[in-house]
Amino acid sequence: MRVDWETEICVIGGGPAGSTIACRLGLFGHKVLLVEKHDFPRTHVGESLSPAILPLLDALGVRERIQTERFLRPDQALIRWRNQTSYI
Ligand SMILES: Cc1cc2nc3c(=O)[nH]c(=O)nc-3n(C[C@H](O)[C@H](O)[C@H](O)COP(=O)(O)OP(=O)(O)OC[C@H]3O[C@@H](n4cnc5c(N)ncnc54)[C@H](O)[C@@H]3O)c2cc1C
């Protein structure tokens, strides 16, 4: 099936990155087409959200809605990258 779309910006992938940028660009008034190859909700790994994500959820206006879902709530996350270790 061929569908013709006219849009200003095309975002490929509706994971956290793609859906966030598509949402932000839409809030800024851009005409955005988000293309995702899988039906949603899709099977996906992940069970917790680190506290560092909360300001971003605020910016998207979805913090309260996500916080009512049953994610694990760690106080901090340990990041190890080569010889560096930090907590966020
Ligand atoms: C085992 C594991 C456990 C994890 N646990 C956690 C956790 O507990 N908490 C947490 O915060 N993070 C967790 N993560 C990390 C988290 O899953 C990633 O950081 C996050 O999914 C990355 O988002 P993304 O949008 O960059 O990519 P993705 O989530 O991979 O999204 C990419 C999307 O693009 C779509 N796509 C790809 N190619 C195309 C195409 N050609 N056309 C259309 N659509 C396409 C895919 O279907 C997918 O939906 C975990 C990761 C792994 C591997």
Side-chain angles (χ1 to χ4, degrees):
M1 181 178 74
R2 184 195 151 113
V3 181
D4 288 325
W5 293 94
E6 206 172 293
T7 188
E8 191 183 348
I9 299 162
C10 182
V11 176
I12 311 290
S19 56
T20 297
I21 193 66
C23 179
R24 287 294 277 172
L25 289 167
L27 289 171
F28 287 136
H30 294 286
K31 195 173 174 188
V32 183
L33 175 68
L34 175 63
V35 179
E36 168 57 49
K37 69 178 173 182
H38 289 127
D39 289 335
F40 269 49
R42 63 186 171 155
T43 305
H44 201 60
V45 294
E47 56 189 20
S48 67
L49 290 173
S50 77
I53 199 74
L54 296 177
L56 185 55
L57 298 181
D58 275 333
L60 293 168
V62 297
R63 178 178 178 158
E64 203 179 313
R65 195 164 156 206
I66 286 181
Q67 284 194 316
T68 60
E69 298 293 332
R70 291 190 204 144
F71 291 103
L72 294 177
R73 312 248 167 103
D75 292 331
Q76 57 182 195
L78 169 66
I79 308 289
R80 287 206 171 132
W81 184 254
R82 293 189 180 156
N83 56 355
Q84 289 186 319
T85 299
S86 60
Y87 292 87
I88 57 170

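Counting convention: from 1, in listed order, for ligands and their atoms alike.
- Residue-to-ligand polar distances place Ala17 within reach of ligand 1: an N/O pair is separated by less than 3.5 Å.
- Checking side-chain atoms of Thr7 against main-chain N and O of Lys31 turns up a donor-acceptor pair under 3.5 Å.
- For Leu34 against Gly14, the heavy-atom pair with the smallest separation is CD1-CA, 4.0 Å.
- Note that atom 21 (O) of ligand 1 has protein non-hydrogen atoms nearby, at separations under 4.0 angstrom.
- With hydrogens left out, the protein atom closest to atom 5 (N) of ligand 1 is Gly46 CA, 3.4 Å, a heavy atom.
- Tyr87 OH: 12 or fewer foreign heavy atoms inside a 6.0 Å radius.
- Distance screen at 4.0 Å: atom 16 (C) of ligand 1 has no protein heavy-atom neighbour inside the cut-off.
- Pro74 and Leu72 get closest at one heavy-atom pair: CD-O, 3.3 Å.
- For the atom pair Thr20 OG1 and Leu57 CG, the distance stands at 8.0 Å (nearest 0.5 Å).
- Of the protein's heavy atoms, His44 CE1, 4.4 Å lies nearest to atom 30 (O) of ligand 1.
- Annotation for ligand 1: atoms under 4.0 Å from non-hydrogen atoms of His38 are 47 (O).
- Nearest heavy-atom pair, Gly26 versus Val32, reported as atom, atom and distance to 0.1 Å: N-CG2, 3.9 Å.
- Judged by distance alone, the side chain of Arg42 and the main-chain N or O of Lys37 form no donor-acceptor pair under 3.5 Å.
- The presence of a protein heavy atom under 4.0 Å from atom 12 (N) of ligand 1 is ruled out.
- Considering Pro16, Ser50, Ser48, Gly15 only, the shortest heavy-atom separation from atom 32 (C) of ligand 1 involves Gly15.
- Of the protein's heavy atoms, Glu36 OE2, 3.5 Å lies nearest to atom 46 (C) of ligand 1.
- In this structure, of Leu49, Val35, Ile53, Ile12, the residue bringing a heavy atom nearest to atom 42 (N) of ligand 1 is Ile12.
- In this structure, CG on Leu49 lies 11.0 Å from CZ on Arg63, to the nearest 0.5 angstrom.
- Nearest protein heavy-atom neighbour of atom 48 (C) of ligand 1: Arg42 NH1, 3.1 Å.
- Protein heavy atom in closest approach to atom 39 (C) of ligand 1: Lys37 CD, 3.9 Å.
- Within a 4.0 Å radius of atom 9 (N) of ligand 1, the protein contributes one or more non-hydrogen atoms.
- The side chain to side chain contact (heavy atoms under 4.5 Å, CB included) test with Cys23 singles out one residue from Leu60, Val62, Val11, and that residue is Leu60.
- With hydrogens left out, the protein atom closest to atom 53 (C) of ligand 1 is Val45 CG2, 4.0 Å, a heavy atom.
- In the vicinity of Gly13, heavy-atom distances shorter than 4.0 Å reach the ligand 1 atoms 33 (C), 34 (O), 35 (C), 44 (N).
- Listed by first and then second residue, the salt bridge (charged side-chain N to carboxylate O under 4.0 Å, His left out) pairs involving residues 3-12 are Arg2-Asp4 (not counting sequence neighbours).
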